[in-house]
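Report on the following structure.
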Amino acid sequence: MRVNVTVNGKQRTADDVWPGESLLYVLRERLGLAGSKNACEQGECGSCTVYLDGVPACSCLVAAGQAEGGDVRTVEGLADGDRLDSVQQSFLDTGAVQCGFCTPGLLVAAHDLIERNPAPSDPQIREALAGNLCRCTGYEKIMDAVRLAVERKQATT
Amino acid sequence: MSAPARSPQVLDDKISGGIGASPQRPDGTLKVRGEFAYASDLWHENMVWGATLRSPHPHAGIRSIGIAKALAYPGVHAVLTHADVPGENAYGLKHQDTPVLAEDRVRYQGEPVALVAADHPEIARQALKLIEVDYEVWEPVTDMERAAHDETLPRLHENGNVVRHQRIVKGDPDARADVVVSGVYELGMQDQAFLGPEAGLAVPAEDGGVDLYLATQWLHVDQKQTAHALGLPVEKVRLTLSGVGGAFGGREDLSMQVHSCMLALHLGRPVKMSYNREESFFGHVHRHPARMYYEHGATKDGDLVYVKARMYFDGGAYASKTPVVVGNGTTLSVGPYNVPNAHIEGWGVYSNNPTCGAMRGLGAVQPTYAYESQMDKLATALGMDPAELRIRNAMSEGSTTVTGQVVDFPAPVAELVRRVRDMPLPPPNTDELGFPGGAANTTHGEGVVRGIGYGVTIKNIAYAEGLDDYSTARVRLQVIGGEPTALVHTAAAEVGQGLVTVQQQIARSELGVERITLHTSDTSVGDAGSSSASRQTYLTGGAVRNACLAVAERVYALAAERFGVEATNLSGGKVVAADGAVVADLAELLGEDVIEETREYHHRKTYPLDPETGQGNAHVQYGFSAHRAVVDVDTELGLVKVVQLDCAQDVGKAINPDAVLGQIHGGSAQGLGLAVMEEIQVTDGVVRNPSFTDYLIPTILDMPPMRVDILERPDPHAPYGVRGVGEPPTISATPAVANAIRAATGLELPRVPIKPEHLTGT
Ligand code: FES
Ligand code: FES
């Protein structure tokens, strides 16, 4: 089948999509956007998190057909050209990236949190990121990264 | 060439991002942009997908394998079995006992039996189902203690079921003591659970060889084993590291390496393999489960008199790193304490459980859990404070280990314990979400008790027992775009820990050059050894330093030749004399010259253990860490909330303090996971929970805030005084959490992970 989606602001078409393919597979293997990661493909790790019509979703759980006509924003669509989004910059500045496999999904989840809640408390940050596994960092620096991104956002608004 | 400036001047040697700083990772920007290519992201024109058929049985004979139907399935290009393995159908890190593809028997559930290559991963999966394997199912060997002693059990390998037995005897093995405590302790099987699945892309080459791009921990050992199984000379099997999504030991054994190359060579086209999570649980080795019998004797004042221990490690179907687990487990069996008398025995065995091998804290996690449980039990028996008991018995520089080795470097164990003990304690919980159970709101504090526990560990760093452990680095210095630039090339695996940053930092400091680029890690340079045993900053760091020093020597020779001046230092882009005077500008001196040097770094020699007494200088260095955990336990529901987890660790010298912190945080999380949730549940050799739905790792809700105290007591024998960092915090976190739960509940809790039913007694 054919699937049409808007990805990071561009109209994209994938042909010969199998009925069983996930949005994650289509993004990674058919549209060349491998930024969203495939750590479990069961909705447990959050490494495949993308915005689908403005709401974060595990793209491994979304059937490609379900995304037809949808608006997708992936980790590749967070930066504005060469300028990193402040969440991305904060992850770098705090050392929240080790192997980085969890990073794309965490960035989308954290980005969404800060959009919705400009001043999240620590428990709220933890609650919002509870669906994103990271095996390397123990989450301390991820907490630092989100706090920094929040601070920076508050400083500019 | 301008004349050298000989006038003394203030040097602008502020090369930023050198040793001791925490510069950003060179791969960081790509990673946050989603543009970093992990092994599972690789793609090649004309590639097909490989898939692996695995045994559903833990122990069975294979009567026949029928591939005709699978081969006839549309979209399938190849189906291969053991008959297609071009070289010897055997590999292994320590013993070559593992078939690439099973022949006449399988020894664990998940053992690879056949391979498929197809146009689409789903077609490959469908085709796997069409392969007909006729199994004769056998009774599995599953109990580690029986495997060690029961001669009536089936022999799983030619030499029987004991992979290694090691005894250590120190002092008087029959010594007597005023106070004696004993216990039997067990650990479940832990998984590395790295997030990036096993993956790689094999591309056949025109010379009849193959280029393999993959995620691994040790390129050269993969290369050697893969070439052997393919029947090719090593130089025809070239490996290049792609992005690695974590490792923690789980990538030290082969997974898809030979399989993807077999398919690629067979088809003459590129083959990609990428496991899904379920397959990943079967596709790599795990941490050895263990059963340990311990007895500690002490004077009534609290001085340890003796330790007796019998320890069993279940290695599963193939040897992998079991010999090393027994070596580490026995030599580290009494912990970072002074113990005058000891009798220790360890067995590592074969069984039909999943194969176990390397995981962070190799062979030290198990005994640390046991002896730290014992230390608390002893403290209770003596009526002593558990931290005080540890401090009283702590080893220090000059202490003699249980193998008779004298510790000739700092060993600030007592100070580490004092530091975590003296950190401020968290206030009682007042937040509704902060109780055990969290947002599920299962309690408002009723039935909740708090406990504090300690865990302290000693871990050997780098390879031991006589192995020549080394790494290689090539450094090239030249002027690019008017700026002196160095290219560092090693085969060392960046697996997330930040070794790429550390290599840049060392080269910056040694060469006084800001711009350091890193060559992709591959097998076109000498062996770097494994990214394991907390050894890379030490070994590859040492190799990069040596190569930089060799490059610097040639720069000095050049300066001497041109200017007749003896230079001794490179700093801030300048060539500098001993008196601090600038001899030349580095870029000017180099001009068009390219200086390249390759050097190795070997650590101090170690020695094998005496087979009878276990005495010997087996280890080159130890790392030490201490944790203090504070937990709240809901005794009615059996739920645990770790409220605070603090750590003090001696790292010798923090080359990159931020990365050191990251290792301590991440390691502690894995240790917490083992204490309260992580276990591959195996029944009769069959894995019951091969998914992230059922194998739980700590989430951001499970991890408490951490306070970390980093000590830097340089090891005079190591480059820059560094001490391995990655493993100790994983090890000491587990008993700290377990001891805190015991302190809260008064329960004995002889097994980790501690589950709700252990706490409620239901
Ligand atoms: S890959 Fe989608 S949640 Fe894990
Ligand atoms: S950085 Fe490796 S999984 Fe998060």
Side-chain angles (χ1 to χ4, degrees), chain A residues 18 20-21 25 28-29 32-45 47 74-79 84-85 87-89 91-104 106-107 122-143, chain B residues 22 24-25 27-38 40-41 43 120-122 192-197 243-248 274 276-278 431 433-434 438-439 495-498 658-659 661-662 664-670 672 691-693 697-701 703 705-706 708:
Chain A
W18 287 37
E21 283 178 18
Y25 186 90
R28 290 175 51 80
E29 304 297 339
L33 290 166
S36 309
K37 292 290 170 263
N38 56 333
C40 77
E41 297 170 88
Q42 286 180 318
E44 295 290 347
C45 74
S47 67
T74 69
V75 65
E76 289 100 331
L78 291 184
L84 295 179
D85 182 84
V87 181
Q88 292 172 308
Q89 191 60 49
F91 267 65
L92 282 185
D93 293 343
T94 52
V97 179
Q98 287 190 31
C99 86
F101 211 80
C102 64
T103 307
L106 271 161
L107 287 171
D122 278 5
Q124 286 172 328
I125 298 174
R126 290 187 191 272
E127 203 59 47
L129 303 183
N132 291 79
L133 298 177
C134 171
R135 191 54 159 167
C136 301
T137 65
Y139 306 102
E140 277 286 278
K141 286 172 181 290
I142 290 171
M143 290 298 295
Chain B
S22 296
Q24 274 181 16
R25 313 174 53 99
D27 55 11
T29 303
L30 284 175
K31 284 178 173 175
V32 297
R33 295 182 73 96
E35 289 167 0
F36 186 72
Y38 296 87
S40 53
D41 302 336
W43 188 90
H120 189 285
E122 196 46 41
Q192 297 83 354
F194 44 71
L195 285 203
V244 184
F248 318 117
S274 183
N276 63 19
R277 182 54 48 185
E278 179 176 351
D431 176 12
L433 292 178
V495 296
Q497 79 279 49
D658 254 6
L661 264 180
I664 295 174
H665 292 150
S668 302
Q670 292 180 0
L672 179 152
S691 73
F692 278 164
T693 314
I697 65 173
T699 70
I700 200 166
L701 287 172
M703 273 311 287
M706 288 192 68
V708 177

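The chains referred to below are lettered A, B, ... by the order of the sequence lines, with proteins before strands, and numbering in each begins at 1.
- If you measure heavy-atom distances from A:E41 to chain B, the contacts under 4.5 Å come from the side chain alone.
- In this structure, the portions of A:A130 lying under 4.5 Å from any heavy atom of chain B include both its backbone and its side chain.
- Chosen from A:L129, A:I142, A:T74, A:L78, the residue pairing most often with chain B at heavy-atom distances under 4.5 Å is A:L129.
- Both the backbone and the side chain of B:Q670 have a heavy atom closer than 4.5 Å to some heavy atom of chain A.
- Side-chain contact between B:I664 and A:E140 is absent, with no heavy atoms from C-beta onward closer than 4.5 Å.
- Of the two parts of B:T29, the backbone and the side chain both hold a non-hydrogen atom closer than 4.5 Å to a non-hydrogen atom of chain A.
- Of all non-hydrogen atoms in B:V32 and A:T103, the two that sit nearest each other are CG1-CG2, 4.1 Å.
- Contacts between A:D93 and chain B at a heavy-atom distance below 4.5 Å involve backbone atoms as well as side-chain atoms.
- Judged by distance alone, the side chain of A:R135 and the main-chain N or O of B:Q192 form a donor-acceptor pair under 3.5 Å.
- Of all non-hydrogen atoms in B:S274 and A:N38, the two that sit nearest each other are OG-ND2, 4.1 Å.
- In this structure, the side chain of B:Y38 does not engage the main chain of A:A34 through any donor-acceptor pair within 3.5 Å.
- With a 4.5 Å cut-off on non-hydrogen atoms, A:L133 touches chain B through its backbone and its side chain both.
- For B:D431, the part lying near chain A is the side chain, with the backbone staying farther off; criterion is any non-hydrogen pair under 4.5 Å.
- A heavy-atom distance below 4.5 Å is found between the side chains of A:R28 and B:S40.
- Rounded to the nearest 0.5 Å, atoms CE (A:M143) and CE (B:M706) are 14.5 Å apart.
- Contact between B:P121 and A:Y25 at its shortest, heavy atoms only, is CD-OH, 3.3 Å.
- Using a 4.5 Å heavy-atom threshold, the side chains of B:I700 and A:E127 count as separate.
- Summarising the geometry of A:A79 relative to B:R33, their closest heavy-atom pair is CB-NH1, 4.0 Å, with the distance given to 0.1 Å.
- Residues A:L92 and B:K31 are not in side-chain contact: their nearest non-hydrogen atoms beyond the backbone lie 4.5 Å or more apart.
- Side-chain atoms of A:Q98 come within 3.5 Å of backbone N or O of B:G662 as a donor-acceptor pair.
- Not a single donor-acceptor pair under 3.5 Å links the side chain of A:Q42 to the backbone N or O of B:S691.
- Of the listed residues (B:V708, B:D41, B:V244), the one with the most heavy-atom contacts under 4.5 Å to chain A is B:D41.
- Heavy-atom distances place the backbone of A:T137, and not its side chain, under 4.5 Å from chain B.
- Only the side chain of A:C45 comes within contact range of chain B, with at least one heavy atom under 4.5 Å from a heavy atom of that chain.
- Among all heavy-atom pairs drawn from B:A669 and A:G138, the shortest one is CB-CA, 3.7 Å.
- Interface remark: B:T693 contributes backbone and side-chain atoms alike to the contact with chain A (heavy atom separation under 4.5 Å).
- Two residues are said to be in side-chain contact when any heavy atoms from C-beta on lie closer than 4.5 Å; A:C99 and B:F36 fail this criterion.
- Taking both residues in full, the closest heavy atoms of B:P698 and A:Y139 are given as O-OH, 2.7 Å, listed atom of the first, atom of the second, then distance.
- Remark: side-chain polar atoms of A:R126 are not paired, donor with acceptor, to backbone N or O of B:L701 under 3.5 angstrom.
- With chain A as partner, the option from B:G667, B:G498, B:G246, B:A193 having the largest number of non-hydrogen pairs under 4.5 angstrom is B:A193.
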